[in-house]
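The block underneath contains the structure these notes are about, expressed in C-alpha coordinates.
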There are 2 protein chains.
Amino acid sequence: MNPPLAHIVDDDEAIRDALTWLLRTRNVASRAWSSAEEFLAAWQPDFHGCVVLDIRMREMSGLECFDVLLERGNNMPVIFLTGHGDVPMAVGALKKGAFDFLEKPFDDNALVDVVIRAMESDARRTASQEAQATMSSRLAQLTPREIEVMHLVLTGKFNKVIADELNISMRTVEVHRSRVFEKMGVRSAVELAQLLAPGRD
Amino acid sequence: MNPPLAHIVDDDEAIRDALTWLLRTRNVASRAWSSAEEFLAAWQPDFHGCVVLDIRMREMSGLECFDVLLERGNNMPVIFLTGHGDVPMAVGALKKGAFDFLEKPFDDNALVDVVIRAMESDARRTASQEAQATMSSRLAQLTPREIEVMHLVLTGKFNKVIADELNISMRTVEVHRSRVFEKMGVRSAVELAQLLAPGRD
DNA sequence: TTCCACACTGCGGATGACCACAATTGCTGC
DNA sequence: GCAGCAATTGTGGTCATCCGCAGTGTGGAA
(Lines give C-alpha, C1' and ligand atoms only; values in the text may rest on other atoms or scores of the structure.)
Protein backbone atom coordinates (compact mmCIF):
# COMPACT_ATOMS: atom_id res chain seq x y z
CA MET A 1 0.00 0.00 0.00
CA ASN A 2 1.13 3.51 -0.73
CA PRO A 3 2.31 5.29 2.40
CA PRO A 4 0.44 8.42 3.48
CA LEU A 5 1.98 11.52 1.89
CA ALA A 6 1.08 15.17 1.68
CA HIS A 7 0.92 15.60 -2.09
CA ILE A 8 2.02 19.13 -2.89
CA VAL A 9 0.86 20.28 -6.31
CA ASP A 10 2.26 23.64 -7.36
CA ASP A 11 4.06 24.85 -10.45
CA ASP A 12 6.19 27.25 -8.42
CA GLU A 13 9.35 25.44 -7.42
CA ALA A 14 10.04 27.88 -4.61
CA ILE A 15 6.69 27.14 -3.01
CA ARG A 16 7.12 23.41 -3.47
CA ASP A 17 10.50 23.46 -1.81
CA ALA A 18 9.29 25.67 1.00
CA LEU A 19 6.32 23.45 1.72
CA THR A 20 8.36 20.29 1.49
CA TRP A 21 10.88 21.68 3.91
CA LEU A 22 8.21 23.02 6.25
CA LEU A 23 6.43 19.71 6.43
CA ARG A 24 9.64 17.75 6.85
CA THR A 25 10.55 19.83 9.89
CA ARG A 26 7.23 18.74 11.38
CA ASN A 27 7.80 15.11 10.47
CA VAL A 28 5.15 15.05 7.77
CA ALA A 29 6.16 13.03 4.72
CA SER A 30 5.38 14.77 1.46
CA ARG A 31 5.88 14.52 -2.25
CA ALA A 32 5.92 17.44 -4.63
CA TRP A 33 4.43 17.58 -8.13
CA SER A 34 5.18 20.38 -10.53
CA SER A 35 1.79 20.40 -12.25
CA ALA A 36 -1.74 19.10 -11.95
CA GLU A 37 -1.14 16.98 -15.05
CA GLU A 38 1.90 15.33 -13.55
CA PHE A 39 0.06 14.57 -10.34
CA LEU A 40 -3.00 13.22 -12.10
CA ALA A 41 -0.87 11.03 -14.35
CA ALA A 42 0.75 9.44 -11.34
CA TRP A 43 -2.37 9.33 -9.19
CA GLN A 44 -3.58 5.93 -8.09
CA PRO A 45 -6.68 4.95 -6.16
CA ASP A 46 -4.57 3.81 -3.24
CA PHE A 47 -2.83 7.12 -2.75
CA HIS A 48 -3.11 8.17 0.87
CA GLY A 49 -2.55 11.28 2.91
CA CYS A 50 -3.80 14.56 1.51
CA VAL A 51 -3.41 16.96 -1.39
CA VAL A 52 -2.18 20.53 -1.10
CA LEU A 53 -3.34 22.10 -4.30
CA ASP A 54 -2.45 25.50 -5.69
CA ILE A 55 -5.37 27.11 -7.50
CA ARG A 56 -3.51 29.19 -10.06
CA MET A 57 -1.21 27.11 -12.21
CA ARG A 58 -0.06 27.56 -15.80
CA GLU A 59 -1.89 24.69 -17.45
CA MET A 60 -4.65 22.90 -15.59
CA SER A 61 -5.88 24.86 -12.58
CA GLY A 62 -6.23 23.47 -9.12
CA LEU A 63 -10.00 23.58 -9.35
CA GLU A 64 -10.01 21.61 -12.59
CA CYS A 65 -7.63 19.14 -11.04
CA PHE A 66 -10.00 18.81 -8.09
CA ASP A 67 -12.89 18.00 -10.43
CA VAL A 68 -10.87 15.27 -12.10
CA LEU A 69 -10.01 13.81 -8.71
CA LEU A 70 -13.67 13.81 -7.74
CA GLU A 71 -14.59 12.00 -10.95
CA ARG A 72 -11.96 9.40 -10.27
CA GLY A 73 -13.32 8.83 -6.80
CA ASN A 74 -10.37 10.27 -4.97
CA ASN A 75 -10.78 10.09 -1.23
CA MET A 76 -7.83 12.13 -0.04
CA PRO A 77 -8.72 15.43 1.63
CA VAL A 78 -7.83 18.36 -0.64
CA ILE A 79 -6.48 21.62 0.76
CA PHE A 80 -6.53 24.57 -1.60
CA LEU A 81 -3.96 27.34 -1.63
CA THR A 82 -4.60 30.55 -3.45
CA GLY A 83 -3.26 34.04 -3.75
CA HIS A 84 -6.25 35.58 -5.43
CA GLY A 85 -9.21 33.52 -4.40
CA ASP A 86 -12.67 34.99 -4.28
CA VAL A 87 -15.57 33.99 -2.07
CA PRO A 88 -17.65 32.06 -4.62
CA MET A 89 -14.58 30.05 -5.57
CA ALA A 90 -13.89 29.13 -1.97
CA VAL A 91 -17.54 28.37 -1.23
CA GLY A 92 -17.83 26.22 -4.33
CA ALA A 93 -14.70 24.26 -3.50
CA LEU A 94 -15.75 23.59 0.08
CA LYS A 95 -19.26 22.59 -0.93
CA LYS A 96 -17.77 20.12 -3.39
CA GLY A 97 -15.92 18.57 -0.51
CA ALA A 98 -12.59 20.35 -0.23
CA PHE A 99 -11.01 19.98 3.20
CA ASP A 100 -9.88 23.59 3.50
CA PHE A 101 -9.19 26.67 1.49
CA LEU A 102 -6.26 28.87 2.51
CA GLU A 103 -5.22 32.22 1.17
CA LYS A 104 -1.61 33.18 0.64
CA PRO A 105 0.25 34.35 2.47
CA PHE A 106 -0.62 31.65 4.95
CA ASP A 107 0.69 31.08 8.41
CA ASP A 108 3.14 28.19 8.49
CA ASN A 109 1.75 26.77 11.70
CA ALA A 110 -1.79 27.02 10.45
CA LEU A 111 -0.97 25.21 7.23
CA VAL A 112 0.86 22.42 8.99
CA ASP A 113 -2.03 22.02 11.39
CA VAL A 114 -4.49 21.76 8.54
CA VAL A 115 -2.31 19.24 6.72
CA ILE A 116 -1.96 17.12 9.82
CA ARG A 117 -5.68 17.18 10.49
CA ALA A 118 -6.34 16.29 6.87
CA MET A 119 -4.00 13.33 7.05
CA GLU A 120 -5.56 12.15 10.29
CA SER A 121 -8.95 12.44 8.67
CA ASP A 122 -7.72 10.37 5.75
CA ALA A 123 -6.28 7.75 8.06
CA ARG A 124 -9.64 7.38 9.78
CA ARG A 125 -11.44 7.19 6.46
CA THR A 126 -9.00 4.59 5.19
CA ALA A 127 -9.52 2.45 8.25
CA SER A 128 -13.29 2.49 8.02
CA GLN A 129 -13.07 1.94 4.29
CA GLU A 130 -10.99 -1.17 4.80
CA ALA A 131 -13.55 -2.55 7.18
CA GLN A 132 -16.21 -1.88 4.60
CA ALA A 133 -14.12 -3.52 1.88
CA THR A 134 -13.94 -6.65 4.02
CA MET A 135 -17.70 -6.54 4.32
CA SER A 136 -18.17 -6.12 0.59
CA SER A 137 -15.91 -9.01 -0.28
CA ARG A 138 -17.81 -11.18 2.14
CA LEU A 139 -21.15 -10.07 0.80
CA ALA A 140 -19.89 -10.88 -2.69
CA GLN A 141 -19.44 -14.52 -1.64
CA LEU A 142 -23.13 -14.87 -0.90
CA THR A 143 -25.41 -16.43 -3.46
CA PRO A 144 -28.50 -14.45 -4.55
CA ARG A 145 -30.78 -16.59 -2.49
CA GLU A 146 -28.61 -16.22 0.57
CA ILE A 147 -28.72 -12.45 0.23
CA GLU A 148 -32.46 -12.58 -0.05
CA VAL A 149 -32.75 -14.64 3.09
CA MET A 150 -30.25 -12.43 4.88
CA HIS A 151 -32.33 -9.35 4.28
CA LEU A 152 -35.40 -11.03 5.70
CA VAL A 153 -33.42 -12.27 8.67
CA LEU A 154 -32.29 -8.71 9.29
CA THR A 155 -35.88 -7.60 9.63
CA GLY A 156 -36.20 -9.91 12.61
CA LYS A 157 -38.62 -12.33 10.97
CA PHE A 158 -38.88 -15.91 12.14
CA ASN A 159 -37.54 -18.62 9.87
CA LYS A 160 -41.07 -19.85 9.49
CA VAL A 161 -42.27 -16.49 8.18
CA ILE A 162 -39.32 -16.19 5.83
CA ALA A 163 -40.06 -19.65 4.50
CA ASP A 164 -43.64 -18.61 3.86
CA GLU A 165 -42.67 -15.43 2.03
CA LEU A 166 -40.21 -17.25 -0.20
CA ASN A 167 -42.44 -20.29 -0.61
CA ILE A 168 -39.76 -22.66 0.52
CA SER A 169 -39.43 -24.93 3.49
CA MET A 170 -38.17 -23.82 6.86
CA ARG A 171 -35.30 -26.24 6.56
CA THR A 172 -34.03 -24.48 3.46
CA VAL A 173 -34.16 -21.15 5.21
CA GLU A 174 -32.13 -22.60 8.04
CA VAL A 175 -29.48 -23.78 5.61
CA HIS A 176 -29.25 -20.40 3.87
CA ARG A 177 -29.19 -18.60 7.18
CA SER A 178 -26.44 -20.83 8.43
CA ARG A 179 -24.36 -20.29 5.29
CA VAL A 180 -24.82 -16.54 5.56
CA PHE A 181 -23.54 -16.55 9.12
CA GLU A 182 -20.63 -18.73 8.12
CA LYS A 183 -19.60 -16.64 5.12
CA MET A 184 -20.04 -13.37 6.97
CA GLY A 185 -18.03 -14.62 9.92
CA VAL A 186 -20.69 -14.06 12.56
CA ARG A 187 -22.48 -16.36 14.94
CA SER A 188 -25.86 -14.72 15.32
CA ALA A 189 -28.33 -12.45 13.56
CA VAL A 190 -27.58 -9.72 16.06
CA GLU A 191 -23.88 -9.73 15.22
CA LEU A 192 -24.79 -9.57 11.57
CA ALA A 193 -27.01 -6.56 12.17
CA GLN A 194 -24.24 -4.84 14.09
CA LEU A 195 -21.75 -5.59 11.35
CA LEU A 196 -23.93 -4.19 8.61
CA ALA A 197 -24.79 -1.13 10.68
CA PRO A 198 -22.46 1.83 11.05
CA GLY A 199 -20.57 2.34 14.29
CA ARG A 200 -22.61 3.32 17.31
CA ASP A 201 -22.06 3.47 21.07
CA MET B 1 -45.02 22.72 16.27
CA ASN B 2 -43.64 25.82 14.59
CA PRO B 3 -44.18 25.73 10.84
CA PRO B 4 -41.11 25.81 8.59
CA LEU B 5 -40.13 29.38 7.77
CA ALA B 6 -37.24 31.08 6.06
CA HIS B 7 -36.04 33.38 8.83
CA ILE B 8 -34.65 36.51 7.23
CA VAL B 9 -32.33 38.42 9.55
CA ASP B 10 -31.21 41.78 8.15
CA ASP B 11 -31.23 45.29 9.52
CA ASP B 12 -31.91 46.77 6.10
CA GLU B 13 -35.65 47.04 5.65
CA ALA B 14 -35.39 47.23 1.88
CA ILE B 15 -33.54 43.92 1.75
CA ARG B 16 -35.97 42.29 4.17
CA ASP B 17 -38.94 43.36 2.08
CA ALA B 18 -37.30 42.32 -1.15
CA LEU B 19 -36.44 38.88 0.18
CA THR B 20 -39.84 38.39 1.74
CA TRP B 21 -41.51 39.32 -1.52
CA LEU B 22 -39.13 37.18 -3.56
CA LEU B 23 -39.75 34.12 -1.44
CA ARG B 24 -43.49 34.65 -1.35
CA THR B 25 -43.62 34.64 -5.14
CA ARG B 26 -42.00 31.21 -4.99
CA ASN B 27 -44.38 30.01 -2.32
CA VAL B 28 -41.80 29.94 0.43
CA ALA B 29 -43.12 31.13 3.78
CA SER B 30 -40.78 33.51 5.54
CA ARG B 31 -40.52 35.80 8.52
CA ALA B 32 -38.31 38.83 8.76
CA TRP B 33 -36.30 40.02 11.76
CA SER B 34 -34.71 43.44 11.90
CA SER B 35 -31.71 42.43 13.98
CA ALA B 36 -29.79 39.44 15.24
CA GLU B 37 -30.84 40.33 18.77
CA GLU B 38 -34.50 40.33 17.87
CA PHE B 39 -34.21 36.98 16.15
CA LEU B 40 -32.24 35.40 18.97
CA ALA B 41 -34.71 36.70 21.55
CA ALA B 42 -37.56 35.02 19.72
CA TRP B 43 -35.64 31.91 18.73
CA GLN B 44 -36.95 28.62 20.07
CA PRO B 45 -35.54 25.12 19.75
CA ASP B 46 -38.48 24.05 17.65
CA PHE B 47 -37.99 26.68 14.97
CA HIS B 48 -37.92 25.05 11.56
CA GLY B 49 -36.98 26.02 8.05
CA CYS B 50 -33.76 27.95 7.56
CA VAL B 51 -32.02 31.20 8.43
CA VAL B 52 -30.93 33.80 5.89
CA LEU B 53 -28.41 35.85 7.80
CA ASP B 54 -26.80 39.09 6.76
CA ILE B 55 -23.19 39.37 7.90
CA ARG B 56 -22.89 43.09 8.33
CA MET B 57 -25.42 44.50 10.75
CA ARG B 58 -25.27 47.45 13.10
CA GLU B 59 -25.19 45.66 16.44
CA MET B 60 -24.50 41.95 16.57
CA SER B 61 -23.03 40.66 13.33
CA GLY B 62 -24.34 37.66 11.45
CA LEU B 63 -21.28 35.65 12.36
CA GLU B 64 -21.74 36.34 16.06
CA CYS B 65 -25.38 35.45 15.73
CA PHE B 66 -24.35 32.18 14.09
CA ASP B 67 -22.08 31.37 17.00
CA VAL B 68 -24.91 31.94 19.44
CA LEU B 69 -27.17 29.67 17.41
CA LEU B 70 -24.51 26.97 17.42
CA GLU B 71 -24.18 27.22 21.19
CA ARG B 72 -27.91 26.91 21.58
CA GLY B 73 -27.94 23.79 19.45
CA ASN B 74 -29.78 25.31 16.54
CA ASN B 75 -30.38 22.83 13.77
CA MET B 76 -31.71 25.06 11.02
CA PRO B 77 -29.43 25.49 8.01
CA VAL B 78 -27.92 28.97 7.97
CA ILE B 79 -27.34 30.83 4.72
CA PHE B 80 -25.06 33.84 4.91
CA LEU B 81 -25.41 36.95 2.81
CA THR B 82 -22.63 39.46 2.56
CA GLY B 83 -21.56 42.42 0.53
CA HIS B 84 -17.95 42.51 1.62
CA GLY B 85 -17.09 38.98 2.59
CA ASP B 86 -13.56 37.73 2.42
CA VAL B 87 -12.36 34.21 1.83
CA PRO B 88 -11.34 33.30 5.40
CA MET B 89 -14.70 34.50 6.64
CA ALA B 90 -16.56 32.32 4.14
CA VAL B 91 -14.33 29.32 4.79
CA GLY B 92 -14.71 29.69 8.51
CA ALA B 93 -18.47 29.93 8.31
CA LEU B 94 -18.81 26.88 6.07
CA LYS B 95 -16.45 24.83 8.19
CA LYS B 96 -18.54 25.69 11.22
CA GLY B 97 -21.52 24.25 9.44
CA ALA B 98 -23.13 27.08 7.49
CA PHE B 99 -25.31 25.84 4.66
CA ASP B 100 -24.12 28.40 2.12
CA PHE B 101 -22.40 31.73 1.82
CA LEU B 102 -23.62 34.11 -0.88
CA GLU B 103 -22.16 37.42 -1.95
CA LYS B 104 -24.31 40.42 -2.82
CA PRO B 105 -25.48 41.15 -5.34
CA PHE B 106 -26.91 37.68 -5.57
CA ASP B 107 -28.98 36.13 -8.28
CA ASP B 108 -32.63 35.87 -7.20
CA ASN B 109 -33.06 32.40 -8.63
CA ALA B 110 -29.88 31.18 -7.05
CA LEU B 111 -30.91 32.45 -3.65
CA VAL B 112 -34.36 30.92 -3.83
CA ASP B 113 -32.85 27.62 -4.90
CA VAL B 114 -30.48 27.66 -1.97
CA VAL B 115 -33.27 28.53 0.44
CA ILE B 116 -35.46 25.75 -0.87
CA ARG B 117 -32.66 23.21 -0.65
CA ALA B 118 -31.91 24.38 2.88
CA MET B 119 -35.51 23.96 3.91
CA GLU B 120 -35.69 20.52 2.36
CA SER B 121 -32.54 19.60 4.20
CA ASP B 122 -34.09 20.82 7.44
CA ALA B 123 -37.26 18.85 6.81
CA ARG B 124 -35.23 15.68 6.38
CA ARG B 125 -33.22 16.40 9.50
CA THR B 126 -36.39 17.09 11.48
CA ALA B 127 -37.91 13.81 10.42
CA SER B 128 -34.89 11.75 11.42
CA GLN B 129 -34.61 13.73 14.63
CA GLU B 130 -38.16 12.91 15.60
CA ALA B 131 -37.48 9.25 15.12
CA GLN B 132 -34.46 9.59 17.36
CA ALA B 133 -36.49 11.48 19.97
CA THR B 134 -38.91 8.55 20.09
CA MET B 135 -35.96 6.28 20.66
CA SER B 136 -34.57 8.44 23.43
CA SER B 137 -37.85 8.62 25.28
CA ARG B 138 -38.14 4.86 25.09
CA LEU B 139 -34.59 4.37 26.26
CA ALA B 140 -35.33 6.69 29.18
CA GLN B 141 -38.01 4.27 30.38
CA LEU B 142 -35.48 1.51 30.84
CA THR B 143 -34.09 0.80 34.28
CA PRO B 144 -30.28 0.81 34.70
CA ARG B 145 -30.17 -2.95 34.85
CA GLU B 146 -32.26 -3.27 31.73
CA ILE B 147 -29.92 -0.97 29.82
CA GLU B 148 -26.99 -3.04 30.98
CA VAL B 149 -28.61 -6.23 29.78
CA MET B 150 -29.65 -4.59 26.53
CA HIS B 151 -26.08 -3.67 25.68
CA LEU B 152 -24.94 -7.22 26.23
CA VAL B 153 -27.84 -8.54 24.19
CA LEU B 154 -26.78 -6.23 21.37
CA THR B 155 -23.36 -7.86 21.28
CA GLY B 156 -25.07 -11.10 20.33
CA LYS B 157 -24.25 -12.92 23.56
CA PHE B 158 -26.39 -15.79 24.78
CA ASN B 159 -28.53 -15.23 27.84
CA LYS B 160 -26.42 -17.74 29.63
CA VAL B 161 -23.23 -15.76 28.97
CA ILE B 162 -24.90 -12.51 30.00
CA ALA B 163 -26.07 -14.15 33.21
CA ASP B 164 -22.52 -15.26 33.91
CA GLU B 165 -21.04 -11.83 33.29
CA LEU B 166 -23.56 -10.13 35.53
CA ASN B 167 -23.50 -12.92 38.11
CA ILE B 168 -27.25 -13.38 38.01
CA SER B 169 -29.46 -16.22 36.91
CA MET B 170 -30.50 -16.83 33.33
CA ARG B 171 -34.10 -16.35 34.28
CA THR B 172 -33.43 -12.81 35.46
CA VAL B 173 -31.71 -12.00 32.21
CA GLU B 174 -34.75 -13.31 30.37
CA VAL B 175 -37.00 -11.02 32.39
CA HIS B 176 -34.86 -7.95 31.73
CA ARG B 177 -34.55 -8.83 28.08
CA SER B 178 -38.26 -9.26 27.78
CA ARG B 179 -38.95 -5.91 29.45
CA VAL B 180 -36.44 -4.20 27.16
CA PHE B 181 -38.19 -5.57 24.09
CA GLU B 182 -41.56 -4.55 25.50
CA LYS B 183 -40.51 -1.00 26.39
CA MET B 184 -38.64 -0.49 23.12
CA GLY B 185 -41.56 -1.77 21.11
CA VAL B 186 -39.69 -4.55 19.34
CA ARG B 187 -40.14 -8.29 19.28
CA SER B 188 -36.60 -9.53 18.77
CA ALA B 189 -32.98 -8.60 19.35
CA VAL B 190 -32.50 -8.10 15.63
CA GLU B 191 -35.25 -5.49 15.46
CA LEU B 192 -33.66 -3.77 18.42
CA ALA B 193 -30.30 -3.69 16.69
CA GLN B 194 -31.88 -2.25 13.56
CA LEU B 195 -33.70 0.36 15.59
CA LEU B 196 -30.60 1.51 17.41
CA ALA B 197 -28.59 1.57 14.21
CA PRO B 198 -28.81 4.44 11.73
CA GLY B 199 -30.61 3.91 8.45
CA ARG B 200 -29.04 1.55 5.95
CA ASP B 201 -30.12 -0.34 2.82
C1' DT C 1 -45.91 1.14 58.36
C1' DT C 2 -47.64 0.22 53.99
C1' DC C 3 -47.13 0.39 49.17
C1' DC C 4 -44.46 0.10 45.10
C1' DA C 5 -40.72 -0.17 41.80
C1' DC C 6 -36.79 -2.83 40.93
C1' DA C 7 -33.93 -6.76 40.95
C1' DC C 8 -33.74 -11.36 41.55
C1' DT C 9 -34.84 -16.63 41.20
C1' DG C 10 -37.00 -21.35 40.15
C1' DC C 11 -40.04 -24.57 37.42
C1' DG C 12 -42.04 -26.30 33.40
C1' DG C 13 -43.70 -26.06 28.90
C1' DA C 14 -44.12 -24.24 24.06
C1' DT C 15 -41.65 -22.58 20.33
C1' DG C 16 -37.70 -21.28 17.62
C1' DA C 17 -32.82 -21.76 16.29
C1' DC C 18 -29.09 -24.74 14.99
C1' DC C 19 -26.90 -28.89 13.41
C1' DA C 20 -25.40 -33.58 11.65
C1' DC C 21 -26.79 -36.87 8.44
C1' DA C 22 -28.87 -37.84 4.15
C1' DA C 23 -30.70 -36.85 -0.42
C1' DT C 24 -32.89 -34.82 -4.99
C1' DT C 25 -33.00 -31.53 -8.79
C1' DG C 26 -31.09 -28.42 -12.21
C1' DC C 27 -27.54 -25.92 -14.32
C1' DT C 28 -22.59 -25.08 -15.75
C1' DG C 29 -18.11 -26.21 -17.32
C1' DC C 30 -14.58 -29.68 -18.53
C1' DG D 1 -21.28 -37.71 -19.12
C1' DC D 2 -19.32 -36.25 -14.86
C1' DA D 3 -17.89 -32.96 -11.33
C1' DG D 4 -19.37 -29.11 -8.80
C1' DC D 5 -22.28 -25.57 -7.13
C1' DA D 6 -26.77 -23.72 -5.84
C1' DA D 7 -31.12 -24.62 -4.19
C1' DT D 8 -34.10 -27.55 -2.22
C1' DT D 9 -36.24 -30.87 1.51
C1' DG D 10 -36.66 -34.30 5.39
C1' DT D 11 -35.52 -36.56 10.17
C1' DG D 12 -34.29 -36.23 14.70
C1' DG D 13 -32.15 -34.22 18.26
C1' DT D 14 -29.85 -30.40 21.21
C1' DC D 15 -29.76 -25.89 22.78
C1' DA D 16 -31.81 -21.23 23.32
C1' DT D 17 -35.62 -18.33 23.67
C1' DC D 18 -39.93 -16.92 25.52
C1' DC D 19 -43.57 -16.99 28.79
C1' DG D 20 -46.80 -17.80 32.66
C1' DC D 21 -46.94 -18.82 37.43
C1' DA D 22 -45.05 -18.15 41.85
C1' DG D 23 -42.14 -16.09 45.20
C1' DT D 24 -38.10 -13.33 47.88
C1' DG D 25 -35.62 -9.16 49.21
C1' DT D 26 -34.51 -4.14 49.28
C1' DG D 27 -34.99 0.69 49.34
C1' DG D 28 -37.68 4.70 48.71
C1' DA D 29 -42.21 7.27 48.80
C1' DA D 30 -46.71 8.08 50.85
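So you know, we letter chains A, B, ... as the sequences are listed, proteins then strands, and number each from 1.
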Quiz item: Contacts to DNA chain C from residues 180-192 of chain B, heavy-atom cutoff under 4.0 Å, which residues?
Solution: none
Practice problem: Please find the earliest and latest nucleotides of DNA chain D, in the 5' to 3' direction, that have an atom within less than 4.0 Å of any heavy atom of chain A. | Solution: D:dA6 to D:dT11
Self-check item: Smallest separation among heavy atoms of B:Asp11 and B:Arg16, with atom names
Solution: C-NH1, 3.6 Å
Quiz item: Can any side-chain N or O of B:Arg31 pair as donor or acceptor with the backbone N or O of B:His7 at less than 3.5 Å?
Solution: no
Quiz prompt | Test item: side-chain donor near acceptor, A:Arg171 and A:Asn159, under 3.5 Å | solution = no
Quiz item: Of all of residues 157-168 of chain A, which get a heavy atom below 4.0 angstrom from DNA chain C, listed by number?
Solution: A:Phe158, A:Asn159
Quiz item: Heavy atoms under 4.0 Å, any strand shown: does B:Arg171 hit a base, just sugar-phosphate, or nothing?
Solution: base
Quiz prompt | Heavy-atom closest pair, residues B:Ala6 and B:Val115 | solution = CB-CG1, 4.1 Å
Quiz item: For the rings on A:Phe80 and A:Phe99, is their centre-to-centre separation under 6.0 Å?
Solution: no
Self-check item: Charged N-O contact under 4.0 Å between A:Arg145 and A:Glu148
Solution: yes
Exercise. Tell whether B:Glu146 reaches the base of C:dC6 with its side chain through a donor-acceptor pair below 3.5 angstrom.
Key: no
Self-check item: Given DNA chain C, 5'-ward residue of the pair B:Val173 and B:Gln141, judged by closest heavy atom
Solution: B:Gln141
